[in-house]
Amino acid sequence: MLFALIFCALLTFNFLSCSIAFAQNHLTAEQYEEDFDFLWETFRADYAYFDEKRTDWDRVKEIYRPEIKSISTKSEFIAMVEQVLDELYDDHIHLNTHTAFSPNIVPSRTDIWAEWTDGRAIVMGIRSGFPADTAGLRPGMEILRFNGMPIEDAVRKRMGRAIVEVDDDIKDWTLRKVLAGFRNQNRRFEFRDQGETRLVSIPPEPFDIADRLQHQSKLDFQILGDRIGYVAINGTLVDNGLLKSFDDALEELPETDGLILDLRKVGGGNTGVVEGIIGRLIDRERVYQRTVPRNGEPYLSRVRPRGRWQYANPVVILVNRWTGSAGEGLAISLDALDRATVVGTKMAGLEGSVLTMRMPNSGIGFQCTNQKIFNGTLKGDAASQEFVGSSRRAYVPSLLVDPLKVSWGESEDPILKRGVDVLRGIGHQYDR
């Protein structure tokens with residue numbers, strides 16, 4: 001009896017705590033309007049890529065701000081702001097919170113990369129080990145319907161309402177957003193595979209299981225055949241021990257003839273870790289990045305050698321569409337510094353560096369890209385050196401692997417195979 005009373009008291013306490021928290025989070029329409037205005041003004045003042053967008057930002061305010069009058073919960077406000085940010089079709093900006101009904105973020109919470117090709121929605125990449133891979137989807141397949149709706153109609157319905165002119169970038173971005181689905185959504189695909197039509201249904205839960213498995217360890221390393229070192233980073237380039245793990249891996253691989261650095265599971269990170277990894281692979285101070293703030297003067301960033309020794313043999317970096325943000329910067333910089341051959345498909349194209357802000361009333365955090373980033377280095381003679389580099393969206397790997405011209409399967413990894421072949425071909429041209 002006493003146990004029952006205590007249990008009921010705990011339930012009552014938890015219920016009241018939830019009710020109090022909900023009451024504290026309940027805002028007036030005026031407070032939601034203040035938060036909306038804060039976000040809208042932040043982007044108007046700081047967003048670095050308006051010159052590349054076909055979005056009428058004033059029109060965004062005209063469309064969405066009146067809708068706040070009908071909003072009564074924080075979840076409804078989050079859903080509206082998610083639509084507002086989608087108007088910029090930029091995968092590097094999003095809220096730092098979500099609900100069960102939130103759209104999945106691309107590319108971190110999707111397993112399909114698709115593009116429009118001659119009017120058809122074609123799969124260009126599948127995330128290894130994730131539900132779409134397990135279900136048998138492969139590059140080259142054509143998506144016909146999503147959740148029962150013709151894919152053209154689903155994309156048209158999801159398109160932003162403040163777009164001035166629809167171009168290929170907008171259509172491709174919206175296609176991937178549709179295929180990513182929502183966090184609580186079953187995804188049903190109808191696709192054409194070698195002339196046959198197939199149906200696949202994918203519930204949301206297996207994605208989270210695959211995601212946890214992918215991030216079980218921060219870093220893995222081994223020695224492959226032919227004295228090739230292999231280091232795979234699994235997650236973000238954030239120094240919660242990652243740099244020490246990278247250093248420890250190098251200590252086990254000093255006598256290898258070449259090194260493969262696999263960044264296909266790297267979705268972001270920070271400058272300190274990027275510079276820390278580069279610093280183990282260069283022999284002198286180098287410029288590796290140019291930053292162009294929305295408000296302020298451009299500047300160059302330099303990186304210095306780090307550690308008691310630096311790895312000097314050839315390096316191959318593996319990338320794909322799930323290599324994003326800081327991972328892209330690391331790959332492009334090492335390519336520009338002539339310290340790596342980058343092998344794989346094009347990457348995620350998560351441009352710039354983000355400013356994290358918080359709305360004053362709801363406390364909802366959001367990311368705004370306030371600086372353009374170009375990875376590269378100074379080239380030319382000492383008297384006329386100029387910065388030569390690339391944005392992430394424009395960059396093409398040194399050795400591009402066409403996903404439609406190679407074989408993909410459960411035991412096949414053409415990007416890794418190409419990387420190993422590169423090191424076998426150039427590895428003995430260098431001396432330690």
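Values below: all heavy atoms of this structure, side chains included; hydrogens, waters and symmetry mates excluded. Owing to the predicted nature of the structure, the values given are computational and were not obtained by experimental measurement. By convention here, the first residue in the shown sequence is residue 1.
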- Query: So do the side chains of I278 and R286 get within less than 4.5 Å of each other, counting heavy atoms only?
  - Reply: no

- Any side-chain donor-acceptor pair under 3.5 Å between N234 and D220? yes

- Query: Just wondering, do L27 and K74 contact through their side chains at under 4.5 Å, heavy atoms?
  - Reply: no

- Query: Any side-chain donor paired with an acceptor under 3.5 Å for D381 and S384?
  - Reply: yes

- Task: Please lay out, stage by stage, how T55 and E87 fare under the test side chain to side chain donor-acceptor pair (under 3.5 Å).
- Result: CA-CA 7 Å; T55 303; E87 294 283 351; 5.5 Å; no

- Lys/Arg N to Asp/Glu carboxylate O, E285 vs R304, below 4.0 Å: yes

- Is it true that D37 and R65 make a salt bridge, defined as a side-chain N closer than 4.0 Å to a carboxylate O? yes

- Count the heavy atoms of every other residue, nucleotide or ligand shown that sit under 6.0 Å from CZ of F50, and state whether that count exceeds 12. yes

- Does Y230 have its ring centroid less than 6.0 Å away from the ring centroid of F221? no

- What residue among R127, R176, R187, R321 forms salt bridge (charged side-chain N to carboxylate O under 4.0 Å, His left out) with D111? R187

- Check step by step if side chain to side chain donor-acceptor pair (under 3.5 Å) holds for N104 and T110. CA-CA 7 Å; N104 283 315; T110 188; over 6 Å; no

- Message: So that I can tick it off, tell me whether K244 and D247 are bridged by a salt bridge, with the cut-off set at under 4.0 angstrom between side-chain N and carboxylate O.
- Response: no

- Is any side-chain N of the basic residue among E52 and K372 closer than 4.0 Å to the acidic one's carboxylate O? yes

- Heavy-atom distance under 4.5 Å between the side chains of D46 and N295, does that happen here? yes

- Message: Can you tell me how far apart CG (D90) and CD (E351) are? Round to the nearest 0.5 Å.
- Response: 8.0 Å

- Determine whether the side chains of Q371 and T291 contain a donor N or O and an acceptor N or O closer than 3.5 Å. no

- Taking only Lys NZ, Arg NE, NH1 and NH2, and the carboxylate oxygens of Asp or Glu, determine whether D168 and K171 approach each other closer than 4.0 Å. yes

- Can you tell me if CZ on R393 sees more than 12 non-hydrogen neighbours from other groups inside 6.0 Å? no

- Query: Charged N to carboxylate O below 4.0 Å: is that the case for R183 and E82?
  - Reply: no

- Message: If I take atom CD1 from residue I317 and atom CG from residue L263, how far apart are they, to the nearest 0.5 angstrom?
- Response: 5.5 Å

- Task: Take the angle between the ring planes of W57 and F43 and call it parallel below 30°, perpendicular above 60°, tilted in between.
- Result: tilted

- Lys/Arg N to Asp/Glu carboxylate O, R418 vs D421, below 4.0 Å: no

- Item | Salt bridge present between R308 and E251 (N-O < 4.0 angstrom) | yes

- Message: Any carboxylate oxygen within less than 4.0 angstrom of a Lys/Arg side-chain nitrogen, looking at D208 and R212?
- Response: no

